[in-house]
*Asks:* 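Here it is: the structure, laid out below.
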Amino acid sequence: MRSLIYNARLVATMDDRGSELAEGYVLVDGDKIDLVGRGTLPSRVPVDVLMDARGRVILPGLVNTHHHLFQTLTRNVPTVQEAPLFRWLTELYQIWRGIDAETLDAAVRVGLGELLLTGCTTTTDHHYLFPKGTGRLIDVAIAAARDLGIRFHPTRGSMSVGEKEGGLPPADIIQDEDTILADSKRLILEYHDPKPGAMTRIALAPCAPFSVSQDLMRRTAELAREHGVRLHTHLAETLDEEQYCRSRYGYRPVEFLRELDWLGPDVWLAHCVHLNEEEIALFGSTGTAVAHCPSSNFRLGSGVAPVRRLLEAKVPVGLGVDGSSSNDTSNMLAEARQALLAHRSGDDPSRWLTAREVLWMATRGGARCLGRDDIGSLEPGKAADLIMVDTRRLSYAGAGSDILAALVFSPWPEVVDYVMVNGKFVVQNGELQGVDVPRLVDKADRAALALRKGKH
Ligand SMILES: [Zn+2]
């Protein structure tokens, strides 16, 4: 089936040349992009479906590189609204310990729905919470992602060092390391699809230096490399973490990773707020990628990651909304604007991030974090993941001289109008397809309330 989306106000391809095509078209053949161009399609090309994109800007689907979908049910918890990371974590563990398959299912569907509605077509999920007796929670998330039709990179997270052993989490939400590794291997064998166009890929992701052992980090890296899957973790998020690493291991966080053979082109790291020049250069020389999460970093008072310097060192940088307990939304569009504004505090405007750099991070940078060259741009042969934003809105009126930048400078619409993943529209006219949203919200609200009352 060949669908032609034509007459777009602009097609921003995010290809290597940064092509921006006024009166553009995109021809989709099945699950792939076939042609992208300007004006009218050559008449010899057969087409089954025509879609007029008048007034709309077409972009590649956005890529979210860091998230914890389970946290959707613990947004905006009053006791941690003003808490920095370590206190925020230790208080929320008390609620999160009640999460089970049913509550997770609601949380994941809400988070994925928000992501799709805000233009995200590929997301990761860092799931590290396995309360005793809960079983196969990542399988629940994968099933929900398949239902909603989003491209999904769940990461098998882990926590194995509890309070008694000097870590942060309580004993009933950590797992023993053999169990973690066995389940990691099972998930890879059952779900990981290395082929181009894959809808599901697994990565391995011990939670953070303060909740796993060095031995688990080493063994996880070995397992990942044996199976050709990627590695992910939180790193250098706060000065408390730096202090923890120095006192427990005698290293700064990046040195801690280097000693464990955890830097390289198969690794992407969330946050990386507190890096020195040597560490930035090390990321560049090893090809280690960074998931930049500005909203979460602001929310927890963690600081601002040195993104300009990372980009100068040729470090692949993607954008991440991070979990909804530290961002309170899974809105990729809002994250792009946050990234634009986060890097404007210096007195040298030539070092500020531009709207196009932010869009690059949200698409191509994200694809690089996830090790993919088949998503992130609108080019023949790539996966048919695209979004359409109708610019005939009051918020864009008067911004016509650079409508692409306007998408980042002006607050984005609450939802984008059309979202295609793998050749299929999963959002149409700003509505999630096949999801009863009021019913889902009701289910999530009830689950969230029960969780906070400790009834699970
Ligand atoms: Zn996180």
Side-chain angles (χ1 to χ4, degrees), residues 1 3-12 26 28 31 48-64 67 69 72-73 75 105-123 125 141 143-152 199 321 324 327-337 362-363 375 378 383-396 406-407 410-448:
M1 169 110 116
S3 306
L4 178 67
I5 307 165
Y6 69 102
N7 200 25
R9 180 170 185 179
L10 192 78
V11 176
V26 179
V28 173
D31 57 4
D48 303 305
V49 178
L50 282 169
M51 182 176 185
D52 188 344
R54 183 184 313 264
R56 297 185 184 124
V57 172
I58 304 180
L59 287 162
L62 309 181
V63 179
N64 177 39
H67 208 329
L69 290 164
T72 308
L73 298 183
R75 301 188 224 243
D105 180 71
V108 168
R109 285 171 194 271
V110 169
L112 293 180
E114 282 184 280
L115 286 166
L116 284 169
L117 284 170
T118 56
C120 175
T121 54
T122 301
T123 187
D125 177 33
R146 288 180 173 174
D147 273 358
L148 284 157
I150 195 166
R151 209 177 286 282
F152 197 39
M199 288 297 286
V321 298
S324 284
N327 182 347
D328 310 281
T329 180
S330 303
N331 189 323
M332 271 302 283
L333 306 177
E335 202 61 28
R337 185 163 191 260
T363 52
I375 60 171
L378 300 177
D385 293 1
L386 60 82
I387 62 175
M388 287 192 245
V389 181
D390 197 332
T391 56
R392 295 168 297 182
R393 286 180 156 90
L394 291 179
S395 52
Y396 301 127
L407 295 185
S410 299
W412 290 68
E414 193 184 347
V415 296
V416 303
D417 300 283
Y418 287 85
V419 178
M420 175 184 278
V421 185
N422 213 37
K424 186 177 163 214
F425 279 115
V426 292
V427 173
Q428 298 202 56
N429 289 315
E431 292 193 354
L432 274 175
Q433 298 301 289
V435 179
D436 183 340
V437 172
R439 197 159 158 241
L440 175 57
V441 170
D442 184 52
K443 191 177 170 200
D445 278 345
R446 277 188 281 112

*Asks:* Are more than 12 heavy atoms, taken from residues, nucleotides or ligands other than R54, located less than 6.0 Å from that residue's CZ atom?
*Replies:*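 Not buried by this count: 12 neighbours or fewer within 6.0 Å.
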
*Asks:* Working to the nearest 0.5 Å, report the span between CG of N64 and CG of L115.
*Replies:*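 If I round to the nearest 0.5 Å, the distance is 5.5 Å.
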
*Asks:* Checking R151 now: which residues fulfil salt bridge (Lys or Arg N to Asp or Glu O under 4.0 Å) with it, not counting sequence neighbours?
*Replies:*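 R151: salt bridge (Lys or Arg N to Asp or Glu O under 4.0 Å) contacts with D385.
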
*Asks:* Under the rule for side-chain hydrogen bond (donor to acceptor under 3.5 Å, both in side chains), what residues qualify as partners of T72, not counting sequence neighbours?
*Replies:*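 Here no residue qualifies.
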
*Asks:* Taking C-beta and beyond as the side chain, do L148 and V426 meet within less than 4.5 Å on heavy atoms?
*Replies:*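 No; the side chains remain at least 4.5 Å from each other.
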
*Asks:* To the nearest 0.5 Å, how far apart are CG in D417 and CE in M388?
*Replies:*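 Here the rounded value is 8.5 Å.
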
*Asks:* For M51 and V28, run side chain to side chain contact (heavy atoms under 4.5 Å, CB included): C-alpha distance rounded to whole Å, both residues' side-chain angles, the deciding distance at 0.1 Å, then the answer.
*Replies:* CA-CA 11 Å; M51 182 176 185; V28 173; over 6 Å; no

*Asks:* Could you state the interatomic distance from CG (L69) to CG (L112), rounded to the nearest 0.5 Å?
*Replies:*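 Those atoms lie 5.0 Å apart.
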
*Asks:* Roughly how far, to the nearest 0.5 Å, is CG of L59 from CG of L10?
*Replies:*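 L10 CG to L59 CG: 8.0 Å, rounded to 0.5 Å.
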
*Asks:* Taking side-chain contact (heavy atoms from CB on, under 4.5 Å) as the definition, give me every residue that meets it alongside Q428, ordered by chain and number, with sequence neighbours left out.
*Replies:*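 Listed in chain order: Y418, F425, Q433.
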
*Asks:* Please find the pair of heavy atoms, one from D105 and one from A144, that lie closest to each other, and give the distance.
*Replies:*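 Heavy-atom minimum between the residues: OD1-CB, 4.2 Å.
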
*Asks:* Taking all non-hydrogen atoms of both residues, which atom of S330 and which atom of H67 are closest, and how far apart?
*Replies:*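 Minimum heavy-atom separation between S330 and H67: OG-NE2, 2.9 Å.
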
*Asks:* Is there a side-chain contact between V427 and V415 in this structure, where contact means two heavy atoms from C-beta onward sitting under 4.5 Å apart?
*Replies:*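 No, too far: nothing below the 4.5 Å cut-off.
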
*Asks:* Is there a donor in the side chain of N327 and an acceptor in the side chain of E335, or the other way round, less than 3.5 Å apart?
*Replies:*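 Short answer, yes.
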
*Asks:* Check for a donor-acceptor pair, side chain of S410 on one end and backbone N or O of L407 on the other, with a separation under 3.5 Å.
*Replies:*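 Checking the backbone N and O of L407 against the side chain of S410, no donor-acceptor pair under 3.5 Å is found.
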
*Asks:* Treating T118 as the side-chain partner and M332 as the backbone partner, does any N or O pair qualify as donor plus acceptor under 3.5 Å?
*Replies:*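 Answer holds: yes.
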
*Asks:* Does R56 use its side chain to pair, donor to acceptor, with the backbone of D52 at less than 3.5 Å?
*Replies:*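 Confirmed, R56 side chain pairs with D52 backbone.
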
*Asks:* Using the rule given for side chain to side chain contact (heavy atoms under 4.5 Å, CB included), can you reason through D147 versus R109, listing the C-alpha separation, both sets of side-chain angles and the distance that settles it, and then say yes or no?
*Replies:* CA-CA 9 Å; D147 273 358; R109 285 171 194 271; 2.9 Å; yes

*Asks:* What heavy-atom pair brings V421 and M199 nearest, and what distance separates the two atoms?
*Replies:*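 Closest approach of V421 to M199, heavy atoms only: CG1-CE, 4.0 Å.
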
*Asks:* Show the nearest heavy-atom pair for residues A447 and L73, with the distance to one decimal.
*Replies:*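 What the structure gives for the nearest pair is CB-CD1, 3.9 Å.
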
*Asks:* Considering all heavy atoms of both residues, which atom of I58 and which atom of A53 are nearest to each other, and what is their separation?
*Replies:*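 Where I58 meets A53 most closely, the heavy atoms are CD1-CB, 4.3 Å.
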
*Asks:* Taking the side chain as every heavy atom from C-beta outward, state whether V419 and T121 have any atom pair closer than 4.5 Å.
*Replies:*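 In short, these two side chains touch, coming nearer than 4.5 Å.
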
*Asks:* Just wondering, do T363 and L62 contact through their side chains at under 4.5 Å, heavy atoms?
*Replies:*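 A side-chain contact exists here, since the closest heavy-atom pair is under 4.5 Å.
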
*Asks:* What are the two closest heavy atoms between G61 and I387, and how far apart are they?
*Replies:*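 Scanning both residues, the minimum pair turns out to be CA-CG2, 4.0 Å.
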
*Asks:* Considering residues, nucleotides and ligands other than R392, do more than 12 of their heavy atoms fall under 6.0 Å from its CZ?
*Replies:*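 Result for CZ/R392: enclosed.
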
*Asks:* Would you say that D436 contacts L440 through its side chain, given a criterion of any heavy-atom pair below 4.5 Å between the two side chains?
*Replies:*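 Not touching, per the 4.5 Å side-chain cut-off.
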
